[in-house]
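The structure appears below as structure tokens.
Throughout, numbering of the chain's residues begins at 1 and tracks the sequence. Owing to the predicted nature of the structure, the values given are computational and were not obtained by experimental measurement.
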Amino acid sequence: MGIGFLGLGVMGQPMALNLARAGTAPIVWNRSPDRCDVVRTAGAKVADSPAEVLRQSEVVLMMLADGPATDAVLGRGTEAFSAVAGRTIVHMGTTSPEYSRGLEAAVRAAGGSYVEAPVSGSRKPAEAGELVAMLAGEPAAVAQVRPLLGPLCHQTFDCGPVPNGLLTKLAVNIFLITMVTGLAESTHFAAEHGLDLSQFAEVLDAGPMASSVSRVKVRKLVTGDLDVQASIANVLENNRLIAEQARATGIAVPLLDICHSLYGETLALGLDSADMVAVVRAIEQRTASAGG
């Protein structure tokens with residue numbers, strides 16, 4: 001079975017690399033060709049265009065930035081979109097549930113199959129092949145795609161029809177965003193009181209709230225490491241998608257609304273490409289503005 005992969009960004013590149021290392025030899029494409037080099041070295045084939053990926057693949061995994069990027073790459077709304085016929089298109093990025101529902105309808109109308117497969121995890125779990133996928137779509141298409149995700153994910157979940165995969169992802173991300181923001185605020189509080197931050201991190205690690213995420217993120221906060229795993233811009237976009245879905249369905253998300261303001265302030269500081277722990281800079285700025 002020919003496997004295609006579109007989009008080799010922060011998440012897509014390690015995902016495609018794991019496919020190549022597992023012997024799948026995917027055919028890949030990325031808007032910036034230099035991102036293909038390391039995947040080519042691992043055994044992947046590099047296409048000159050998305051159309052070439054579609055021609056040579058039965059299943060095409062996509063890890064693209066957003067809906068407009070996905071539409072542009074697939075040529076949705078143009079004659080080029082007809083190339084999805086007979087293919088299974090797997091949408092692994094994070095978009096609005098409504099966008100995914102529309103994309104599914106368009107793919108199926110063009111004669112293709114569609115699976116929604118957003119993943120939970122950032123760059124490090126992607127590199128380790130330890131993502132969690134939330135699959136949604138027609139049962140036959142989901143059954144076709146699930147075994148292909150083995151090199152990428154340590155667990156997959158069948159969430160039912162589209163867009164339940166993305167709704168599950170957005171629900172999970174509420175916890176992620178508010179948790180990391182709370183961790184940043186906690187670390188800032190400790191730092192402002194002159195505590196030993198290494199000991200503070202050890203106490204957190206030893207306690208019942210510790211998780212693989214908290215252990216990684218608290219080390220980044222303590223050392224000032226803003227190297228990206230999940231960027232401020234990406235988290236802010238996820239925050240926006242959740243807030244819009246919540247408003248559309250009349251659901252209150254008060255903690256997320258506060259996080260939305262803080263990540264917006266962090267973006268305004270020019271930290272769009274920094275890791276999400278950079279939200280601590282917005283908290284620090286609020287302390288400074290308050291005369292702390």
Side-chain angles (χ1 to χ4, degrees), residues 9-11 13-15 18 94 119-132 152-155 169-240 242-243 253-292:
V10 170
M11 294 287 289
Q13 187 189 64
M15 291 165 69
N18 282 336
T94 305
V119 293
S120 182
S122 57
R123 179 171 58 87
K124 289 295 185 183
E127 290 172 347
E130 295 178 350
L131 297 169
V132 176
L152 315 180
C153 305
H154 74 96
Q155 261 188 295
K169 170 69 185 291
L170 296 184
V172 168
N173 275 6
I174 294 175
F175 179 54
L176 171 66
I177 293 169
T178 54
M179 176 182 63
V180 174
T181 306
L183 185 61
E185 186 171 295
S186 181
T187 305
H188 174 65
F189 182 89
E192 289 295 306
H193 282 86
L195 301 182
D196 181 334
L197 293 185
S198 293
Q199 185 181 66
F200 162 76
E202 289 175 6
V203 171
L204 279 179
D205 288 351
M209 296 88 70
S211 68
S212 58
V213 172
S214 73
R215 289 189 175 97
V216 170
K217 295 304 187 186
V218 76
R219 290 295 180 281
K220 292 176 76 65
L221 285 160
V222 166
T223 62
D225 173 16
L226 302 185
D227 185 43
V228 68
Q229 294 172 340
S231 73
I232 289 292
N234 179 258
V235 173
L236 185 59
E237 173 64 9
N238 274 260
N239 201 315
R240 180 188 68 79
I242 300 166
V253 283
L255 293 180
L256 195 78
D257 288 340
I258 294 169
C259 292
H260 193 274
S261 296
L262 286 168
Y263 283 94
E265 292 167 26
T266 311
L267 189 78
L269 293 173
L271 294 168
D272 53 304
S273 297
D275 188 72
M276 66 185 298
V277 297
V279 71
V280 74
R281 299 291 181 252
I283 298 170
E284 290 168 352
Q285 188 175 66
R286 288 197 183 194
T287 293
S289 297

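Atom CE of M276 is separated from atom OG1 of T181 by 5.5 Å, given to the nearest 0.5 angstrom. The distance from the CD1 atom of I232 to the CD atom of E265 is 11.5 Å, given to the nearest 0.5 Å. Atoms CD and CG, on Q285 and L269 in that order, are 4.5 Å from each other to the nearest 0.5 Å. Expressed to the nearest 0.5 Å, how far CG of L183 lies from NE2 of H188 amounts to 13.5 Å.
When all heavy atoms are compared, the tightest approach of L267 to L236 is CD2-CD2, 3.6 Å. For the residue pair V119 and C153, the shortest heavy atom distance occurs at CG1-SG, 4.4 Å. Closest approach of L170 to I242, counting heavy atoms only: O-CD1, 3.5 Å. Closest approach of A190 and L197 over heavy atoms only: CB-CD2, 3.8 Å. For I174 against L256, the heavy-atom pair with the smallest separation is CA-CD1, 4.3 Å. Taking both residues in full, the closest heavy atoms of S231 and D272 are given as CB-O, 3.5 Å, listed atom of the first, atom of the second, then distance.
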Verdict with reasoning, L131 to H154, per side-chain contact (heavy atoms from CB on, under 4.5 Å): CA-CA 6 Å; L131 297 169; H154 74 96; over 6 Å; no

L176/M179 under side-chain contact (heavy atoms from CB on, under 4.5 Å): CA gap, chis, key distance, verdict: CA-CA 5 Å; L176 171 66; M179 176 182 63; 4.3 Å; yes

Derivation and outcome, side-chain contact (heavy atoms from CB on, under 4.5 Å), residues T178 and I258: CA-CA 9 Å; T178 54; I258 294 169; over 6 Å; no

Intermediate values then yes/no, side-chain contact (heavy atoms from CB on, under 4.5 Å), Q229 and V216: CA-CA 10 Å; Q229 294 172 340; V216 170; 3.6 Å; yes

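No donor-acceptor pair closer than 3.5 Å links the side chain of K169 to the backbone N or O of S120. A side-chain donor-acceptor contact under 3.5 Å links T223 to the backbone of R219. Side-chain atoms of N239 do not come within 3.5 Å of backbone N or O of V235 as any donor-acceptor pair. Listed for the T266 side chain is a donor-acceptor partner under 3.5 Å among the backbone atoms of L262. Using a distance-only test at 3.5 Å, with no hydrogens or angles considered, no donor-acceptor pair links the side chain of D205 to the main chain of A210.
Residue pairs meeting the ring pair (Phe, Tyr, Trp, His ring centres under 6.0 Å) criterion with at least one partner in residues 215-240, sequence neighbours excluded, do not occur; the list is empty.
With sequence neighbours left out, E237 forms a side-chain contact (heavy atoms from CB on, under 4.5 Å) with R240, L241.
Salt bridge annotation for R123-D227: present, with a cationic side-chain nitrogen under 4.0 angstrom from a carboxylate oxygen. Salt bridge present: K217 and D275 bring a charged side-chain N and a carboxylate O closer than 4.0 Å.
In the displayed structure, E185 atom CD is contacted under 6.0 Å by at most 12 heavy atoms of other residues, nucleotides or ligands.
Of the candidates V218, V280, I283, V218 is the only one forming a side-chain contact (heavy atoms from CB on, under 4.5 Å) with T187.
Within the 4.5 Å cutoff, the side chain of S261 has heavy atoms near those of the R286 side chain.
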